[in-house]
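Below: the structure, in structure tokens.
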Amino acid sequence: MTLTADRNTLAKEGNFINAPVAAAKKIYEGALVALDASGNATPGLVATTLKSAGRAEENVDNSTGAAGDKRVLIRKGVFKFGNYAADLITRADIGNPCYIVDDEQVARTNGTSTRSVAGTIFDVDTDGVWVRFV
């Protein structure tokens, strides 16, 4: 329907997500967080069905709860995670996607189609990988 008057269009900056936490999951502050097939937050892990979300801004323990009993604040941006030694990311990989290994590490490849995309490699240091989450 076409507008016929001014409209107060709601906005979000797009830097944060407040997501329901998956059943029986604990998310640590600073963890790499993904969304499962139902849209619930879960710590990063090897799986092909996850959608990368960003970094947990708080510790949320839903280990005894059902999906959605608790929520977690997730931030988008560029964050440093560990460089998985068995599938090392180098400076030559900057600009490429990287893949979720767990809630604190990323890898260069999808592990023969077993890992979900974490984000884009922004930079690489001797002690980690800077990943852009959008």
Side-chain angles (χ1 to χ4, degrees):
M1 171 185 274
T2 304
L3 290 176
T4 59
D6 294 340
R7 178 178 187 265
N8 180 17
T9 303
L10 300 177
K12 285 187 178 185
E13 291 297 319
N15 296 328
F16 293 95
I17 301 168
N18 189 304
V21 177
K25 298 292 182 181
K26 182 171 185 176
I27 297 175
Y28 292 94
E29 182 176 347
L32 189 159
V33 180
L35 301 178
D36 65 18
S38 298
N40 296 310
T42 184
L45 57 105
V46 173
T48 58
T49 57
L50 300 178
K51 295 178 185 170
S52 180
R55 181 189 71 188
E57 292 295 288
E58 57 192 340
N59 181 312
V60 177
D61 187 352
N62 196 35
S63 57
T64 60
D69 280 355
K70 296 193 178 180
R71 298 182 75 84
V72 64
L73 186 63
I74 303 166
R75 184 181 197 126
K76 300 286 190 182
V78 178
F79 307 105
K80 186 188 275 190
F81 288 98
N83 196 348
Y84 185 54
D87 194 1
L88 207 60
I89 295 168
T90 68
R91 293 196 55 76
D93 298 310
I94 292 173
N96 292 339
C98 60
Y99 298 85
I100 301 169
V101 173
D102 55 33
D103 61 355
E104 66 173 346
Q105 296 181 98
V106 292
R108 186 175 68 78
T109 70
N110 67 9
T112 318
S113 300
T114 60
R115 301 179 188 130
S116 297
V117 173
T120 303
I121 301 165
F122 183 80
D123 200 2
V124 180
D125 293 340
T126 56
D127 62 344
V129 178
W130 292 90
V131 180
R132 178 183 301 277
F133 295 85
V134 292

Review point. Where do Arg91 and Asp123 land on the side-chain contact (heavy atoms from CB on, under 4.5 Å) test, with the steps shown first?
Key: CA-CA 7 Å; Arg91 293 196 55 76; Asp123 200 2; 2.5 Å; yes
Exercise for review: For Ala41 and Val33, work out which heavy atoms get closest and say how close.
Suggested key: CB-CG1, 3.8 Å
Exercise for review: Look up atom OG1 in Thr49 and atom CG in Leu35, then write down how far apart they are to the nearest 0.5 Å.
Suggested key: 11.0 Å
Practice item. Show your working on side-chain contact (heavy atoms from CB on, under 4.5 Å) between Ile94 and Val124 and close with a plain yes or no. Key: CA-CA 7 Å; Ile94 292 173; Val124 180; 4.2 Å; yes
Practice item. Give the minimum heavy-atom separation between Val117 and Ser52, together with the two atoms involved. Key: O-CB, 3.3 Å
Practice item. Keeping the roles fixed (side chain from Lys25, backbone from Pro43), state whether a donor-acceptor pair exists under 3.5 Å. Key: no
Check your understanding: Taking atom NZ of Lys70 and atom CD of Glu58, what is their separation to the nearest 0.5 Å?
Key -> 10.5 Å
Review point. Between Asp61 and Ser63, do the side chains contain an N or O donor and an N or O acceptor separated by less than 3.5 Å?
Key: yes
Review point. Is Tyr84 atom OH crowded by more than 12 heavy atoms from other residues, nucleotides or ligands, each under 6.0 Å away?
Key: no
**Study point:** For Leu88 against Asp93, the heavy-atom pair lying closest together
**Key:** O-OD2, 4.3 Å
Review point. Sub-3.5 Å donor-acceptor pair from the side chain of Asn62 to the main-chain atoms of Ala67, do we have one?
Key: no
Check your understanding: Taking the side chain from Arg71 and the backbone from Asn18, do they hold a donor-acceptor pair closer than 3.5 Å?
Key -> yes
Check your understanding: Should the ring pair Phe81 and Phe133 be called parallel, tilted or perpendicular, given that the plane angle runs from 0 to 90° and is split at 30 and 60?
Key -> perpendicular
Check your understanding: Under 3.5 Å, is there a donor-acceptor pair between the side chain of Asn83 and the main chain of Ile89?
Key -> yes
Review point. At what distance, to the nearest 0.5 angstrom, does CD1 of Ile27 lie from CG of Leu73?
Key: 11.0 Å
Check your understanding: Which atoms form the tightest heavy-atom contact between Lys76 and Val134, and what is the distance?
Key -> NZ-O, 3.1 Å
Kindly list each side-chain donor-acceptor pair under 3.5 angstrom involving residues 100-112, sequence neighbours excluded, with atom names and distances?
unit_1	atom_1	unit_2	atom_2	d
Asp102	OD1	Glu104	N	2.9
Asp102	OD1	Gln105	N	2.8
Asp102	OD2	Gln105	NE2	2.8
Thr109	OG1	Asp87	OD2	2.4
Thr109	OG1	Gly111	N	3.3
Asn110	OD1	Thr112	N	3.2
Asn110	OD1	Ser113	N	2.9

Practice item. Please report the shortest heavy-atom distance between Ile121 and Cys98, naming the atom on each side. Key: CG1-CB, 3.7 Å
Review point. When you measure from the side chain of Thr120 to the backbone N and O of Arg132, does any donor-acceptor pair fall under 3.5 Å?
Key: no
Review point. What is the minimum heavy-atom distance between Ile17 and Ala53, and which atoms define it?
Key: CD1-O, 4.2 Å
Check your understanding: What pairs of residues pass the salt bridge (charged side-chain N to carboxylate O under 4.0 Å, His left out) test when at least one of them lies in residues 29-53, not counting sequence neighbours?
Key -> none
Practice item. Give a yes or no on whether Tyr99 and Val129 share a hydrophobic cluster (residues Ile, Leu, Val, Met, Phe, Trp, Tyr; joining criterion: side-chain heavy atoms under 4.5 Å apart). Key: no
